[in-house]
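Beneath this line is the structure, given in structure tokens, with notes to follow.
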Amino acid sequence: MRLLLASLLLVACGSRSGTDHDRVLYVRNDGADLMTWVRGNVDSGVVLIVSHGGPGGEATTYVEDLWPLEADYAVVYWDQRGSGASRGMFRAERFNYPQFGDDLRAVVDTVQAVYEPDDTFLMGHSFGVEVGTEFLVQGDNQDKVSGWMPVNGTFSVVPHAEAQRRFIVDRVDEIEANPDNYDLDDDRLAELQTWRDEAEQATTPDPMERVYLDLMWERALSLPAYPFENEDSDYDRGQRGGYASPYSAWLNLRNERRSYTPMDQAYTSWDRRQEVAEVTVPTAFLWGQWDPIMPPYVAESYYDAIGTPEAEKEIIWFEHAYHSPMYEDQAPFNEAVRDFVERVRQ
Amino acid sequence: MLLLWSSLALAAGPPSAEEVRAQYQQPRASFSWFTQDFSPYMGVLGGVELPLALYVTDRKRRKASKPARHAVREVTLAVRGGFGSEPRNVSEVLIGGSLIARTTSDAGHRFGLRAGVDYVHGFTGGAVYNATDEDNVRRAPLAALPGVRLAAGLEYGVDWRKRRGNPLAIHLIPGIRVQGPMSDGWMIGPTFTVNTTWKLGGAR
């Protein structure tokens with residue numbers, strides 16, 4: 001009987017080791033229960049914590065692209081408050097950038113307390129870069145992590161809007177020089193040329209104005225996509241669903257509607273250009289080169305602004321990708337992640 | 001033997017209105033499987049259905065020489081208890097009941113409305129951690145979450161009409177539920193139930 005009870009207790013507590021680990025935790029912070037899915041090789045001593053995009057996105061979708069890394073490292077997919085499969089009772093005022101940064105702090109502290117890794121790396125995608133940046137500039141949080149991998153995301157609204165302005169100019173120039181690559185009639189081309197001319201004359205406001213931000217966003221995303229070919233890519237999608245998956249379509253839909261609007265409104269005044277100068281964590285910017293949402297100039301601006309020494313930061317361009325290189329260029333992306341992690345660990 | 005049995009049944013003739021009333025007036029056992037929120041949540045409920053009011057109506061006969069056909073309208077109380085669970089998240093014990101307003105056509109097709117309330121006692125299934133700072137990371141207690149679940153739905157079913165008394169019916173019930181208070185406030189979401197009932201006791 002005692003042996004049975006001890007066994008049940010062990011099962012109830014959950015395993016904290018293994019090379020094929022699969023466990024869901026909930027990190028409770030300021031009213032939110034943040035779904036945190038830990039998968040892969042926890043014996044490696046390396047944890048990679050992935051912050052999803054959005055606002056209001058969800059983490060489990062990244063399993064489909066990043067699962068090859070789980071053989072080498074423990075990968076943590078966590079849902080931000082009001083996102084994915086996360087739960088909780090909290091007031092709407094909790095949707096703000098400092099809160100999201102502290103939520104990531106709670107996830108990092110929990111994962112490190114439970115699994116005691118030698119090295120913790122952060123990855124942020126799109127809005128997840130904003131969350132990761134907010135975390136790194138708060139207190140001594142950057143001392144908790146060994147490396148930072150921003151993927152097509154920003155550290156401030158102003159360089160983001162400026163990057164889209166420049167992107168409009170450069171893309172229309174390219175379209176104008178190679179019209180045969182695009183199926184455009186004369187009216188559409190004339191419209192794009194007008195956008196280019198207006199963008200050349202415009203000055204990105206600082207502090208940001210909502211009208212300008214929305215205009216650059218709308219026009220950049222309306223441009224014809226750069227027609228790269230990706231015939232050599234090696235895709236191997238994983239499965240994030242199944243009965244025992246924490247994913248819930250209804251909960252995801254419901255959460256998406258909760259968090260996008262307040263965080264989008266907060267973004268108009270979000271600016272960490274000065275704060276990131278104090279961040280010195282080894283950093284690899286992993287960037288889809290043809291992204292209209294976060295054009296490559298954002299990576300260059302963040303690279304220049306962050307306080308990390310030159311020898312410990314780099315930009316890795318994915319020429320066959322737009323906004324999501326982990327999805328659009330899966331194998332090279334995961335290889336770049338491994339290379340960076342191993343270089344930092346040496 | 002089967003041929004003899006069927007011959008005897010045919011020879012008995014179609015049931016009268018009084019016989020149909022007698023068949024439907026009896027309590028029935030009920031078993032349901034349900035899911036909600038397009039999630040891995042699944043639950044089962046077992047109980048009884050108790051007819052409160054019953055109206056048996058004659059359907060229009062195609063020919064005077066044809067036997068009478070009967071439709072049944074009923075208001076029934078269903079009492080049930082059960083268990084639901086979502087892997088890695090929550091487990092729940094439910095007990096409650098619902099009112100069903102239902103019509104069964106002479107061909108055995110059933111259409112109805114259901115509305116019910118359950119008391120729910122839930123337990124967090126996934127480990128929950130509080131992390132105020134790096135030196136204070138602790139497991140939250142396995143909390144029992146009492147609450148209320150209100151559910152309503154439309155019902156479509158088939159009554160497997162048998163000469164010897166309609167023993168079995170199966171229903172599909174898409175619906176909606178409101179549940180709380182939960183860690184997530186009051187949760188509203190879609191539900192889907194498959195329910196079967198069968199007559200307690202023997203056939204007529």
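Here the structure is a predicted model, which means the values were calculated and not measured.
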Residue F34(B) excluded, over 12 heavy atoms near CZ under 6.0 Å: yes
With only heavy atoms counted, which part of N255(A) is less than 4.5 Å from chain B, the side chain, the backbone, both or neither? neither
Tell me, with the steps shown, if R254(A) and D37(B) meet side chain to side chain contact (heavy atoms under 4.5 Å, CB included). CA-CA 10 Å; R254(A) 179 171 158 274; D37(B) 300 337; over 6 Å; no
If you count every heavy atom of other residues, nucleotides or ligands that lies below 6.0 Å from Y55(B) atom OH, does the total exceed 12? no
Distance col, row T132(B):OG1 vs R28(A):CZ, nearest 0.5 angstrom, shows 14.0 Å
Based on non-hydrogen pairs under 4.5 Å, which of T110(A), V27(A), N252(A) is most in contact with chain B? T110(A)
I'd like to know whether CG of D30(A) has more than 12 heavy-atom contacts from other residues, nucleotides or ligands below 6.0 angstrom. yes
Heavy atoms of other groups near I95(B) CD1, more than 12 under 6.0 Å: no
What is the distance from atom CH2 of W250(A) to atom OG1 of T191(B), rounded to the nearest 0.5 Å? 11.0 Å
Examine whether an atom of V114(A) lies under 4.5 Å from a heavy atom of chain B, and if so say whether it belongs to the side chain, the backbone or both; otherwise answer neither. side chain
Is it the backbone or the side chain of A106(A) that comes under 4.5 Å from a heavy atom of chain B, or both, or neither? both
Going from CG on D102(A) to CG on D133(B), what distance comes out if it is rounded to the nearest 0.5 angstrom? 10.0 Å
Scanning both residues in full, the closest heavy-atom pair of S248(A) with S39(B) reads OG-CB, 3.5 Å
F90(A) CZ: over 12 foreign heavy atoms closer than 6.0 Å: yes
If every non-hydrogen atom of A131(B) is compared with every non-hydrogen atom of R105(A), which pair is closest and at what distance? O-NH1, 2.6 Å
Carefully, step by step, assess M187(B) and L251(A) under the rule side chain to side chain contact (heavy atoms under 4.5 Å, CB included). CA-CA 10 Å; M187(B) 178 74 175; L251(A) 206 56; 3.6 Å; yes
